[in-house]
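Numbers restart at 1 for each chain; the letters A, B, ... are given by sequence-line order, proteins then strands. Atoms considered below: every heavy atom in the structure, side chains included; atoms not considered: hydrogens, waters and symmetry mates.
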2 protein chains.
Amino acid sequence: MSDALPGDAVDRILEQWARERPDLDVSPMGVIGRLSRCAALLSQRLDGVFAEYGLSGWEFDVLATLRRAGAPYQLAPTELFSSLMVTSGTMTHRLKVLESKGWIVREASNQDARSTLVRLSGDGFALLERALEGHVANEHAILSALPARSVDALEKRLAELLAALETPRG
Amino acid sequence: MSDALPGDAVDRILEQWARERPDLDVSPMGVIGRLSRCAALLSQRLDGVFAEYGLSGWEFDVLATLRRAGAPYQLAPTELFSSLMVTSGTMTHRLKVLESKGWIVREASNQDARSTLVRLSGDGFALLERALEGHVANEHAILSALPARSVDALEKRLAELLAALETPRG
DNA sequence: AAATGTTATCTTGAATTCAAGTTAATCATG
DNA sequence: CATGATTAACTTGAATTCAAGATAACATTT
């Protein structure tokens, strides 16, 4: 009886629905609401550290995708927007900004004249390496609020859900 | 040896980091990456059903917040943008759109002349009631891909994480 | 090789959001 | 009640994103 009263923002939403629509089983809103809310709050926390390095979240994401691809840290725009789950138009804009900041360079592909490959510049690489350390430390700090066993269990369940969501149909 | 090869998008990211930066413990990226990705995919699935009712995700969110507040389905803009985690400027814009569509009406507050209360119109109420049923059915369908026990476990872990994230500091 | 279809990227215009600043009303304190 | 601080809502301008369409290069088939 020590967890009945306080609750979080999602508990209050569920209570409201129980009062207003007791005929509906809104229990899925509990999981899905908490998941969305966690994602929103997490993204705020991560952005805070990215900003310390003069980066926005999406800037870090693009640079990190190039970095982890391995030398020569080079990918085609299509590979980038596919893994980052954004449209081609969004990627065009992102690359323009990153290029103007000197963190990426572009060069024509030998394989395909339609494609201009994107490569991390020296500055971009160095900046990402620094930001990456801060980012990983931040993620460790955030998760340290939970017992390691809970984090493991959370990841297992999320992997199940992600597999279901990545499967066509459902 | 049946789960080593396939993996999901996040597994591939973790493998890349392990190859490129074996010195870093990037395990938090597993949980946090999957969480973000689940949230993005979930939001796409939910939007698909909202669209069947001519609604966008944020439109449903605002109408639902008013609906579950209970009769007379009326809240101040400040209450709305606080629970929906958006800025006041965003809410001004949202309310203008919803008003132009006839789903909300506005009236001056008796209590506070600065505040113009927002109330669901008859149309807005009826639309939300219909969309709500489709939305809840959709959420049930999505989660039915997982054993009930997994969903329960997932929610428990997410509640822990959410509590940590809602706590000031960390 | 010519025709057809596909792919990679970019362009355009609109939608959504936020940060910062504005205005007006309310509250608190002397 | 006067002053200053706070609050509620809105305005403005910029950033980010997407959908839809355009363009050019590639692939396949005849």
Measure the distance from CZ on B/F81 to P on D/dC10 and round it to the nearest whole Å. 10 Å

Options D/dT16, C/dT26, D/dA25, nucleotide nearest the side-chain atoms of A/A113: D/dA25

Would you mind classifying the nucleic acid contact of A/T87 as base, sugar-phosphate or nothing, using non-hydrogen atoms under 4.0 angstrom? base

For A/L95 and D/dT16, give me the distance from atom CG to atom C1', rounded to whole Å. 14 Å

Nearest to the side chain of A/S115, which nucleotide is it out of D/dA8, C/dA8, D/dT17? C/dA8

Test side chain to side chain contact (heavy atoms under 4.5 Å, CB included) applied to A/R119 and A/V105, A/I104, A/L75, the passing residue: A/V105

A/K96 side chain N/O closer than 4.0 Å to the phosphate oxygens (OP1, OP2) of C/dC10? no

Answer yes or no: does a side-chain N or O of A/R94 lie under 4.0 Å from OP1 or OP2 of D/dT17? yes

Length of the NE2-P vector between A/H93 and D/dA19, whole Å: 17 Å

Within the structure shown, what part of the strands sits under 4.0 Å from B/S88 by heavy-atom distance: base, sugar-phosphate, or nothing? base

What is the distance from CG of B/D61 to C1' of C/dT16, rounded to the nearest Å? 13 Å

Can you tell me which nucleotide in D/dC10, C/dT17, D/dC18 comes closest to the side chain of B/T116? D/dC10

Note: B/R21-A/E133 ion pair, threshold 4.0 Å (strictly below): yes

Taken to the nearest whole Å, CG/B/L98 to P/C/dA15 is 14 Å

C/dC18 P sits how many Å from B/M91 CE, rounded? 9 Å

Answer yes or no: is there an ion pair linking B/R157 with A/E155, defined by an N-O contact shorter than 4.0 Å? no

Between D/dC10 and B/T92, is there an OP1 or OP2 to side-chain N/O distance shorter than 4.0 Å? yes

SB check A/R94 A/D61 (cutoff 4.0 Å): no

Picking from D/dA8, D/dT17, D/dT11, which would you name as closest to the side chain of B/R114? D/dA8

Once you measure the plane-to-plane angle for A/F60 and A/F50, does it fall in the parallel (<30°), tilted (30-60°) or perpendicular (>60°) bin? parallel

With DNA chain D as reference, determine whether A/G89 or A/D112 sits nearer its 5' end, using the nearest nucleotide of each. A/G89

Rounded off to whole Å, could you give me the CD-to-P distance for the A/Q44 and C/dT17 pair? 14 Å

For B/E79 and D/dT7, what is the distance between atoms CD and C1' respectively, to the nearest whole Å? 13 Å

Tell me whether the OP1 or OP2 atom of C/dA8 has a side-chain N or O from A/R106 closer than 4.0 Å. no

